[in-house]
Amino acid sequence: DVQLQASGGGLVQAGGSLRLSCAASGFTFDDYAIGWFRQAPGKEREGVSCISSNDGSTYYADSVKDRSTISINNARNTVYLQMNSLKPEDTAAYYCAAPTVVTGTSPLRMWAGSGSWGQGTQVTVSS
């Protein structure tokens, strides 16, 4: 059974940090790119960050660049998104997806198929 499980969200004050985790079961990340997306109420889903399990290439949306770091632990089949200096506008449900395709880098555009998504984790940043 192929599953992606996102965790690590929570309620944090502006300026705080969170580390989101995306754990895969039933498949490995080999040769995949894994992406983090987010969706705030009333807004479209947007790509936040992506990492290639192949060569470690990373991509970030301008809105989180310089405040976030995506990383991968292939042995644990887990991708992490460290988010620092959180802002109220970071409030959203965060989802991981694999495989993810990066279709544009400036601005970042990412796409993942309908069968590729894990359950989301809620991030709420209070001002």
Side-chain angles (χ1 to χ4, degrees):
D1 191 20
V2 174
Q3 285 191 342
L4 288 170
Q5 181 64 54
S7 62
L11 173 63
V12 63
Q13 288 188 332
S17 299
L18 285 172
R19 187 177 81 156
L20 307 183
S21 299
C22 174
S25 59
F27 74 104
T28 63
F29 285 148
D30 292 350
D31 297 327
Y32 284 171
I34 302 91
W36 283 99
F37 297 76
R38 67 186 182 186
Q39 187 165 22
K43 294 189 177 181
E44 290 188 358
R45 185 177 63 204
E46 64 173 336
V48 176
S49 184
C50 186
I51 186 167
S52 167
S53 64
N54 232 354
D55 61 10
S57 297
T58 58
Y59 307 87
Y60 297 95
D62 288 342
S63 57
V64 302
K65 194 175 182 180
D66 299 328
R67 300 188 292 123
S68 300
T69 303
I70 191 170
S71 60
I72 187 168
N73 185 323
N74 282 309
R76 293 187 175 183
N77 230 23
T78 301
V79 168
Y80 303 97
L81 181 65
Q82 176 71 42
M83 301 186 69
N84 303 319
S85 302
L86 284 162
K87 305 175 181 180
E89 50 263 44
D90 293 318
T91 295
Y94 285 71
Y95 302 86
C96 58
T100 292
V101 178
V102 175
T103 59
T105 57
S106 186
L108 179 66
R109 288 192 174 87
M110 296 157 38
W111 177 89
S114 60
S116 308
W117 298 85
Q119 287 185 315
T121 186
Q122 179 68 35
V123 171
T124 303
V125 184
S126 63
S127 57

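On a predicted model such as this, the values are computed, not experimentally measured, just so you know.
Residue I51 holds its CD1 atom at 13.0 Å from SG of C96, rounded to the nearest 0.5 Å. For the atom pair OG1 (T58) and CG (L81), the distance works out to 11.0 Å, reported to the nearest 0.5 Å. Annotation: the span from L108 atom CG to T103 atom OG1 amounts to 8.0 Å, rounded to 0.5 Å. Rounding to the nearest 0.5 Å gives a distance of 6.5 Å between OG1 of T69 and CG of N84. One distance of note links OG of S127 with NZ of K87; it measures 14.0 Å at 0.5 Å rounding. The distance from the CZ atom of F29 to the CD1 atom of I72 is 6.0 Å, given to the nearest 0.5 Å.
Note on ring orientation: taking the six-membered ring where Trp is involved, the planes of W117 and Y95 are perpendicular (angle over 60°, cut-offs 30° and 60°).
Checked by atom type and distance alone, the side chain of T100 never pairs as donor or acceptor with a backbone atom of I34 at under 3.5 Å. Within the 3.5 Å criterion, the main-chain N or O of A6 finds no donor-acceptor partner in the side chain of Y94. A donor-acceptor pair under 3.5 Å is formed between the side chain of N77 and the backbone N or O of F27. The closest donor-acceptor contact from the side chain of S53 to the backbone of Y32 lies under 3.5 Å.
Of the N and O atoms on the side chains of D55 and S57, at least one donor lies less than 3.5 Å from an acceptor on the other residue.
Counting heavy atoms from C-beta on, the side chains of Q122 and L11 never come closer than 4.5 Å. Between L20 and V123, the closest side-chain pair of non-hydrogen atoms falls below 4.5 Å.
A salt bridge (charged side-chain N to carboxylate O under 4.0 Å, His left out) check over residues 33-46, counting only residues at least two apart or in different chains, returns the pairs R38-E46, R38-D90.
Summarising the geometry of C50 relative to A33, their closest heavy-atom pair is SG-CB, 3.8 Å, with the distance given to 0.1 Å. Considering all non-hydrogen atoms of both residues, S85 and R67 come closest at O-NH1, 3.0 Å. Across every non-hydrogen atom of M110 and G35, the tightest pair is CE-CA, 3.8 Å.
One hydrophobic cluster holds both I70 and V48 under the rule that ILVMFWY side chains link at heavy-atom gaps under 4.5 Å. In the hydrophobic cluster analysis, where Ile, Leu, Val, Met, Phe, Trp and Tyr join through side-chain heavy atoms closer than 4.5 angstrom, M83 is grouped together with W36.
Counting heavy-atom neighbours within 6.0 Å of Q5 CD, excluding the residue itself, gives a total above 12.
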